[in-house]
*Asks:* 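Please find one structure pasted underneath; my questions will follow.
Not measured: the values here are computed from a predicted model.
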Amino acid sequence: MFGIENYMGFILAAILLNLTPGTDSMYIITRSVSQGRQAGFYSVLGITSGILVHTLFAALGLSLLLAQSPIAFTIVKYVGAIYLCYLGFKMITSKPEASVANELNEDKTLANSKSLDYGQIYKQGVLTNVFNPKVALFFLAFFPHFVDSNYAHGMLSFLILGLTFAVTGLIWCTCLALLASQFSKSLRENPTTESILNKISGVVFIGLGVKLLTEKG
């Protein structure tokens with residue numbers, strides 16, 4: 001169907017891959033622990049949007065260009081690593097007055113929606129995923145195994161597989177955000193503890209940036 005071979009096998013593989021801890025999972029958990037459930041949800045939406053961008057890139061063949069050009073790969077990798085380090089630095093240096101614990105009550109989300117810029121959190125999630133070249137290379141290495149090389153509309157096949165991968169990831173990452181935010185809810189109610197969580201999260205982001213920077217294509 002639509003040039004896809006063993007679609008059920010792909011779904012199973014996608015679920016297993018989503019369950020494997022990676023940069024996206026760590027990003028969502030860290031946001032959820034330090035900033036709460038809604039921040040985690042918007043991070044999930046951002047990461048999922050990034051996956052859809054990579055899906056489009058793979059379908060259009062842009063990911064192949066990235067894979068074949070060491071310079072392009074290095075540039076994207078450096079941008080992604082620097083951006084993660086930037087986010088980490090911002091969280092480490094954020095002032096307690098701007099923290100979530102002072103303004104955010106998860107049971108009164110609507111009344112306190114001004115405490116965080118969720119649009120910004122969403123955009124940061126998108127950029128974190130898009131500027132990870134490993135995701136693009138993964139799509140190129142993984143998806144072709146499930147696409148019929150003789151099918152005339154390979155772009156459609158890639159799009160369907162990408163959407164499937166995004167949906168399975170959305171479900172799993174939403175569960176991660178819920179669990180992580182619920183686990184840390186009582187901790188965030190203490191302003192001092194919440195501030196410490198922010199700083200720890202910042203260190204984690206910087207660590208993810210360094211890890212991305214040192215990875216080889």
Side-chain angles (χ1 to χ4, degrees), residues 14-54 80 83-132 135 163-209:
I15 292 173
L16 292 175
L17 288 167
N18 282 313
L19 291 176
T20 304
T23 301
D24 291 345
S25 298
M26 288 300 299
Y27 177 83
I28 291 166
I29 291 173
T30 303
R31 280 289 190 193
S32 302
V33 167
S34 64
Q35 296 181 306
R37 183 176 59 196
Q38 271 203 295
F41 284 165
Y42 277 88
S43 296
V44 170
L45 292 176
I47 294 296
T48 303
S49 297
I51 291 174
L52 295 178
V53 171
H54 278 291
Y83 186 69
L84 281 170
C85 290
Y86 165 73
L87 292 180
F89 179 77
K90 282 187 66 177
M91 295 193 75
I92 291 174
T93 58
S94 63
K95 296 181 180 180
E97 304 87 76
S99 66
V100 182
N102 295 332
E103 299 182 39
L104 181 61
N105 182 327
E106 300 243 26
D107 297 324
K108 297 179 181 179
T109 303
L110 185 59
N112 296 290
S113 60
K114 295 181 180 179
S115 59
L116 282 175
D117 186 346
Y118 294 115
Q120 188 67 16
I121 291 175
Y122 167 78
K123 288 187 288 186
Q124 289 170 353
V126 175
L127 293 175
T128 296
N129 186 273
V130 169
F131 284 113
N132 185 350
V135 179
L163 288 172
T164 302
F165 189 79
V167 170
T168 58
L170 175 64
I171 295 172
W172 168 241
C173 290
T174 299
C175 293
L176 281 182
L178 276 172
L179 292 172
S181 61
Q182 186 63 34
F183 174 77
S184 62
K185 182 177 179 181
S186 59
L187 295 177
R188 291 194 311 275
E189 291 174 352
N190 184 316
T192 301
T193 305
E194 192 272 340
S195 179
I196 293 174
L197 286 175
N198 265 343
K199 289 177 170 50
I200 293 175
S201 299
V203 172
V204 172
F205 281 177
I206 292 175
L208 291 174

*Asks:* Start with the C-alpha gap between I206 and I92, add the side-chain angles, then the distance that decides, and say whether side chain to side chain contact (heavy atoms under 4.5 Å, CB included) holds.
*Replies:* CA-CA 10 Å; I206 292 175; I92 291 174; 3.7 Å; yes
*Asks:* Search all heavy atoms of L170 against all heavy atoms of L45 and return the closest pair with its distance.
*Replies:*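 It is CD1-CD2, 4.4 Å.
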*Asks:* Measure the SG-CD1 distance between C173 and I28 for me, rounded to the nearest 0.5 Å.
*Replies:*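 Output value for this atom pair is 3.5 Å.
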*Asks:* State, with a plain yes or no, whether a side-chain heavy atom of Y27 is found less than 4.5 Å away from one of Q124.
*Replies:*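 A side-chain contact exists here, since the closest heavy-atom pair is under 4.5 Å.
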*Asks:* Do any N or O atoms from the side chain of H54 and from the backbone of S49 form a donor-acceptor pair under 3.5 angstrom?
*Replies:*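 A pair under 3.5 Å: no.
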*Asks:* Do I121 and Q38 make a side-chain contact, defined as non-hydrogen atoms from C-beta onward lying under 4.5 Å apart?
*Replies:*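 Heavy-atom side-chain distance check fails, nothing below 4.5 Å.
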*Asks:* Check whether any side-chain heavy atom of S181 lies under 4.5 Å from a side-chain heavy atom of V33, and answer yes or no.
*Replies:*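 Not touching, per the 4.5 Å side-chain cut-off.
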*Asks:* Applying side-chain contact (heavy atoms from CB on, under 4.5 Å) between W172 and each of L19, V167, V44, report the one that passes.
*Replies:*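 By the side-chain contact (heavy atoms from CB on, under 4.5 Å) criterion, W172 pairs with just one of L19, V167, V44: L19.
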*Asks:* Taking atom CG of L163 and atom OG1 of T48, what is their separation to the nearest 0.5 Å?
*Replies:*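 Output value for this atom pair is 11.5 Å.
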*Asks:* Whether the S43 and Y122 side chains hold a donor-acceptor pair (N or O, under 3.5 Å, no angle test) is what I'd like checked.
*Replies:*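 No.
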*Asks:* Give the minimum heavy-atom separation between F165 and A14, together with the two atoms involved.
*Replies:*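 So the minimum-distance heavy-atom pair works out to CD1-CB, 3.6 Å.
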*Asks:* Heavy atoms only: give me the nearest A177-S32 pair and the separation to one decimal.
*Replies:*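 Smallest interatomic distance, heavy atoms only, reads CA-OG, 3.3 Å.
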